[in-house]
Structure formats: structure tokens, C-alpha cells
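Written below as C-alpha cells is the structure these notes are about.
First the proteins, then the strands, lettered A, B, ... as listed; each starts at 1.
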There are 4 protein chains.
Amino acid sequence: MGCAAGSAGRRVPRPRADALRNRERIVTAAREVYVEYGAEAPLDEIARRAGIGNATLYRHFPDRHALVDAVVRSVMVRAAEQAERIADEEPDPFAALCRFAHLAADERIGALCAMLSCGFDRNRPDLDAERRRLEGAVEGLTERARRAGRLRPDVEAGDLMLVLSQLSRPLPDSGSLDMGRFAHRHLQLFLDGLEAPARSELPGSAVTLEDLRRAAP
Amino acid sequence: MGCAAGSAGRRVPRPRADALRNRERIVTAAREVYVEYGAEAPLDEIARRAGIGNATLYRHFPDRHALVDAVVRSVMVRAAEQAERIADEEPDPFAALCRFAHLAADERIGALCAMLSCGFDRNRPDLDAERRRLEGAVEGLTERARRAGRLRPDVEAGDLMLVLSQLSRPLPDSGSLDMGRFAHRHLQLFLDGLEAPARSELPGSAVTLEDLRRAAP
Amino acid sequence: MGCAAGSAGRRVPRPRADALRNRERIVTAAREVYVEYGAEAPLDEIARRAGIGNATLYRHFPDRHALVDAVVRSVMVRAAEQAERIADEEPDPFAALCRFAHLAADERIGALCAMLSCGFDRNRPDLDAERRRLEGAVEGLTERARRAGRLRPDVEAGDLMLVLSQLSRPLPDSGSLDMGRFAHRHLQLFLDGLEAPARSELPGSAVTLEDLRRAAP
Amino acid sequence: MGCAAGSAGRRVPRPRADALRNRERIVTAAREVYVEYGAEAPLDEIARRAGIGNATLYRHFPDRHALVDAVVRSVMVRAAEQAERIADEEPDPFAALCRFAHLAADERIGALCAMLSCGFDRNRPDLDAERRRLEGAVEGLTERARRAGRLRPDVEAGDLMLVLSQLSRPLPDSGSLDMGRFAHRHLQLFLDGLEAPARSELPGSAVTLEDLRRAAP
DNA sequence: TATGAATGAGATTTCATTCAT
DNA sequence: CATGAATGAAATCTCATTCAT
């Protein structure tokens, strides 16, 4: 069957190759720039870094929100892919959780949490699929660890995701400071605590992914 | 005769009472606004909130940096005071650490960590006194807990301060989300881990306050 | 001899059917959009409304001016056709004038007067034929009424055309206001005055179509 | 009694002289530019013409709407003043109406009708006073003429205002065309018709000022 | 001294027009 | 020939900082 004229006469013209490439370059540049400058980064800087005119950026993403959406989506997908891969490869349930956490930190998930938090907005049903995929993968990892008795029972996947994001967030203007070094250290410290038996009753209730989902602006 | 007009023509005018009050109001307003808007808050908004003209703000603080300095100094002092008070009042070394951490989170120390990180800038010797006072107080608390065997020995005061700041940072635009709830929960989770025996070797070396001091932009 | 494939290699390709249809759709869409948005309407909106790509629009009309020309030409032709038809059908000379005026108002001739005024530009000899046809038709109507003593003798066809355009121009952003209602009312009021005997000497001299012709930018 | 500390301790600092002067210059420049360019005139052009920086314009008028409001208010006041003065000076009721109409045309009331139509917006209660003043003055003139039997009884003040605005509107881009000449001519033609006895029943009902008031975007 | 006002530099966004598929 | 994409120039608006009262 031909890939093109499948269904009725509708015109769904396949996106042009160069446009796709540009779109990709914009999202990549945006992720870098967001990590570097924060979410307030000037769009012109993103366009410059992507090597395109600023108006081209607006053709692909009608406003700054749409670009953030795209970056969030891409980050979610990458994180989900890693979670799924690790679930397949790593036999030890807690080690799997740890590997995922450190990899996600390397993915700059914390630097992008400004945007990620938007991604959990219930008003963005267009991110639903990606969100559910990521949630499912992370919940799979935590559930497995919990069943194996390797995770404090009062801790949820949402707790992990939020702490992970916060601990790996760059300090604003922390030019020369290598946050990565701190992030991995503190993440491991935190993970160690997750495996140890509970010592105190935690204040508040567990943070579920549903909580994060309700959190958006 | 006022205390000012000591020698002949020299002018060492004691700051007027209203000027002092204005200065105070500006710093208070700035702290609120920074917590609310982030460090990019428009200076006019701060002036408005303080109930003064914008030019008055510039008379007291020649540029945006000077104002941040003042806010940082005030936050440092408040945190140091609490640390010192708790050290006096709380007999249990680990409980003292915990109480300090939660109180500091309530002080929005995380919301202000953008500015705090500036405060550790080596180029601001005018913050030296306050910084040393805060460092001393927190190191006192951690040292006491460590000696009592209630703190993982591979953890430093700087680790605590940094994690504390990160975990209590508000999510950007987290409108309806009550970060306080999460902050205290995750802080406690982290503190529980600090008390438990080490389960893994932490990556990187301990974060000392000296490290943070070197981190500034 | 066929008109097309006359000599050897010359290319005088008869316009393709679809190209003609596209051209027609563009002009129709442009007229609608101009009435709706004014002459500043984005060309992309016109292309969208016509259901074609924007570059196609440029193929047919090299610049915004050319498109306006085409719309003006089409409006002129429609108005001329009506004037000619009414001249044939309506025995009463003044009633003919009135019917033409009200019909032209319904044609949105006022909404398009921005462009019509361009149409009288002497620099557009390509509109000459259409302009002369419209002028001829309207002058025929006024001349007949004047000869029958039903029209103030100091009034010219150009006066009528200009007043007609002005009175039926939509107010900018007059969202809910039904200009049609006002236009027809005030047009009739004006026409009543045209039939009545002169009460005062009019300032200025009569507006001839030649005047309008010289008016363009 | 001092002019300042009249009532309680409220601070209503008298606007500075230079600011007032600037405000005045902006409004004047805006009126000119609107007449010339239409309501879409670039704000930078207005600022340039007023001889101030563009940001100063924004200090006085937070957005383009606020500036239009100010221009509308000023035009309304000038027109009302003229109507009142003429009512006092001109003994002949119909001549008074005519003088007002021609003067208002000279005031470029038609060129500004884009903005005037906004001025009749019911959502701008801040224009209420000026609007009522103008309405009152014009209704006074028409009522007097009607009572004297010098005005078609089926015509209202609103009809006059609207026709007056439309007939004196400049053609878009009518660079070299002297609209003033046409405006006065056609206005007089229309006014002649208003004094003559009715020849036909007008379509629609009279346009009251209330109608215009309801017309806004 | 305190203040409202002024300002230029920069950010976001739109649009007519050109380019490449 | 038709089209989506690209683009620079311009318009609106914001804000840190300086100026004048």
C-alpha cells in the first residue's frame, strides 16, 4: 500500500524535510538555551543558536508557550525511553531506580523542571500521551522496588520525580559552579535514604504524579 | 547640638530616621517580591510595594545588585539567629538540625537561593561577617550531630544548606501548588537519610560551604 | 489559424483552467477580507480564505497593489453592470439614480472605497476600460435625471459617487453597528436633497469624475 | 487656605508642569498623526512628532487605547465648545446648525471618527461627561432648528453627527486630494436637504445619539 | 533628600515578500 | 505551476537606570 494516498482525498501534505530539520534544531537549541539561561531566555537567542531567523521560530511555534511544550515533550520522551530501557536491562529493582534517577539528572531534567512543571498541566491534553508514558515507566520502577521491599513504603513515584527535579536544578547564574557534581551526590544521598527503613513519619502525604499533574500554573 | 556637626566643614550626617525606615521597608518589600516574582522582579514593583518612589530606591541602592545584597544579608542574619537559638534550646543534636532545616524552609530560604548563591560570591567581602556567622551556626549544628553519631560522617554543612535550598525552591509558576507541603515532606525524607548509616559511597566529595562560596556568577 | 499554437517555439500558453479558477477565488476572497478587515488585511488571511498557498497569491498578483487593482476592477464592473441594467429597466430618471445608489451601497462600494480611490489613479491605465465604463453608466443616469429637471443642476456624477462611497463606509471596528441601516437612510436623505431645488450656493465646484481620477496616492 | 493641604492627609501630588506639557504635546501630535495616517499610526511616529521618547508615551498612556481615548476626549470637548459658542452667537437656528457642521468638519472630526466611534462605547464611562456635553450641545442646536420648522422633522442629532463624520472622512491614502473641498461641498448639499421639506419616507428609523452610543466595538 | 518623569535598549510578535521543494 | 517555509524589517510594549523638580 502506498504511504501517501491511503485514505480519502484529504490533504495532509507530508512536512518538508528541511522544515522538519529546522524544527528539530529549534527544539534542541531551545533545550540548551533553557538549561543555560532559564525559561526566560530570549527567543532571539534560541533562533540565533539554531541558526535560523527569528520569524522562522514563530512559524513553528506560535508563541513562547508552544516552544516550551515541545521541549517538555522531548524531555519526557527521552526520560521515558531511558526508564523503559533500564527496566528491561537492570535486574536489581533498587539499582534500576537509582540508574534512572542519575540518568534523568544528566538529562538536565531539573534544569528543565520549570517547563516540566508546565507539562503536568491538565490543560495540555496534547501532552497526555507523553506524560502517561513517563508516569507509567517511573511508576513501574518504583512499584517494583517497593514490592521487593527496597523502597520506603510511604514514598511515591511523584516524590521521586519532584525531588529529582529539584536536586538537579541549576542555581540561577551559577556560572562556574558544576551543579552536576552536587546533583549526583545529593541524589545518591537521597536515594540511600529511600532504601533505608523509615525513621520518622513524613509530614504531608505522599506526592503522587496526580499531584504534580494538578500543580501547573 | 547634633552629634553630626563635630568638626568644621565635614559632613558626616547621621542617617535620618525616615531614611532608615525607608531602607528597611525597601528590603522587606524586596524579599517579598523576590519570593513572589523571582529575581527578575521589576524594581518599580518593589518600590511600589514599599510605598516609595523608584528613584528613592536608587538613592539607597545604587543598582539592582546592591539591593540583592541587602536582602541576602537580611536572610542570612535571620537564618543565623534561628540556628543559634535552636542550638541553645534543643538538647537533641539531630532534632536541632531538623528544626533548623524546617524553619529555614519556612523562611523561604529556597525561594531566595538565587540571591543567596550570589551572597556566597567571593567578590562581596561586605557580606563576609554575615556569611561567617551563618556558616558558623550551621557548622555548629552539624558538627554536634556528627559527633553524637547522628549524622552520616560523609556529609557536610554545605550539603545540608544546598539541599535545603533546592528542596524548598518554588517551582516556577507553580500557581496553586503548595510547595511548602512538598518541601517539608522531602526535607524530612532527606533528613531521615542523613541520620541513617551510609548505604553507598557518595559520588563527588562533600560540599563545603567554601564550595558554595566559590559558586557565584 | 488557431490563436494558440501559431508559430514554432513561442510559448503563449493559454492559462490553465485551475489557474483561472484560483485567480477568481483570490479576488473573491480578497473582496470579502477587505470589507471585513480593511485594506490592511494580511495577505496570508486572503490566501487562507481562498484556500490556496500564499505563494500562489504572489504568482497571480506580484504585489499587494496588483491584488487591489483586481478587486477594484471587479467592483467597478459589477457596479457598471447594475447601472446599465437599471438605465434599461427603470423609466423614472430620478428613481433610477436612487436605485443605483442603494444597490451600490449594498455592493459594499463604500467599504471598498479605499481601493476604489486607488482605482481612479491615472497611473493605472490598465483600469481605464473599466473606469470609463462605470463613469459612462453613472453619467448616463445623472445626465438623464438632470435633463428631466430632477437633479440639482450644480451636482455632478462625481459628487454622487463620492458621497455614496463615504456614506456607506463602515465605521472602523463598528462591530455590532448595522451600518447598512444608516447608509441607506442617509443616502436617501441625501438623494432627497439632490432632487429638491437648490437652497444655497455650494462651496467649491462640482466634483467630476476627473477629480476623483486625480485623487489617488 | 493653602492650595495643597486642603483635605485629609491623602497624597494627590499635583502633576508636574513638564509632564503636563508633555501630555499635551502627545495628544496634539496624536491627533495630527491620526488624521494623517489613520488610527493604525505607529506610536513611535507619534512620539517622534511630539519630540519625546517612545517610552514616555507609554508612561502617559499605558496602551494605544488610552491614547485614543485622550484624543477622543479632546476632540469632543473642542466640538462641544464650538457648538455652545455658536448657540450663543448665531440667532438663526438653521444657520447655527450649518456653522457648527462646517466648523466640526474643519476640526477633522471625520478623520477622527474611527476614534470617535470608540468614544461612544458604553464601556468607557470615563468619557461620559464629555460625551454628554457634546450630545447636549448638538441636540440643543438641532432641537432649536426643528422647533423653528427649519429641519426635516424625521432627522435627529445623531443623523447629523454621523453624516458629518462620514462626509468629512479622508479617503485612505488620498495624498494630494483636498478632502476639505469635497467635505464642505457635500456637507452643504446635505444640509440643504435637511432644511427642505421631506420628499420621501426615509428607510430605517432616525439615528439617535443613543444608537451611536451602542455602536462601539 | 525624595520623587515622578524621561529614556534608550531590548524583548515579543506580525507581515509582506522571497526561496526552495 | 503550486506550495510551505524562511526571513528581515517594523511595531508594540517593558524595564533598568538617569534626570529634573
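In this structure, Leu67(D) places its CG atom 14 Å from C1' of dC13(F), rounding to the nearest Å. Look at CD on Glu45(B): it is 14 Å from P on dT14(F), rounded to the nearest Å. Following rounding to the nearest Å, Arg23(D) (CZ) and dA6(E) (P) show an atom-to-atom distance of 11 Å. The CZ-P distance, from Phe61(D) to dT14(F), rounds to 15 Å in whole Å. Following rounding to the nearest Å, Asn22(B) (CG) and dA2(E) (C1') show an atom-to-atom distance of 8 Å. The CZ atom of Arg48(A) sits 17 Å away from the C1' atom of dT7(F) (whole-angstrom rounding).
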Please evaluate residues Leu43(C) and Ile46(C) with respect to the criterion side chain to side chain contact (heavy atoms under 4.5 Å, CB included), reporting the C-alpha separation (whole Å), side-chain torsions for both, the decisive distance (0.1 Å), and the verdict. CA-CA 5 Å; Leu43(C) 295 190; Ile46(C) 296 175; 4.1 Å; yes
Residue pair Arg25(A), Asn22(A): steps toward the side chain to side chain contact (heavy atoms under 4.5 Å, CB included) verdict: CA-CA 5 Å; Arg25(A) 289 164 77 177; Asn22(A) 270 346; 3.9 Å; yes
Protein-proximity profile, nucleotides 14-21 of chain E, B/S/- by nucleotide at the 4.0 Å heavy-atom cutoff, equals BBSBBBB-
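Pairs engaging residues 26-37 of chain D under the salt bridge (Lys or Arg N to Asp or Glu O under 4.0 Å) rule: Glu32(D)-Arg49(D), Glu36(D)-Arg49(D) [sequence neighbours left out].
Stem analysis of DNA chain F (Watson-Crick or G-U pairs, both distances under 3.5 Å, runs of at least three) returns E:2-21 with F:2-21.
Closest-nucleotide positions on DNA chain E for Gly53(B) and Ile52(D) were compared, and the one nearer the 5' end corresponds to Gly53(B).
Not counting sequence neighbours, the partners of Asp18(D) by the side chain to side chain contact (heavy atoms under 4.5 Å, CB included) test are Arg16(D), Arg21(D). For the side chain to side chain contact (heavy atoms under 4.5 Å, CB included) test, residues two or more places apart in sequence or in another chain that qualify with Phe61(D) are Arg23(D), Ile26(D), Val27(D), Ala66(D), Leu67(D), Ala70(D). Among residues two or more places apart in sequence or in another chain, the side chain to side chain donor-acceptor pair (under 3.5 Å) test is passed with Arg73(A) by Glu130(A).
Interatomic distance, CZ of Arg64(A) versus OH of Tyr58(A), reported as 7.5 Å (0.5 Å rounding).
Regarding contacts with the backbone of dT1(E), every side-chain N or O of His60(B) stays at 4.0 angstrom or more from both OP1 and OP2. Residue Thr56(A) places no side-chain N or O under 4.0 Å from the OP1 or OP2 atom of dA5(F).
In this structure, Thr28(C) contributes its side chain and Glu24(C) its backbone to a donor-acceptor pair below 3.5 Å.
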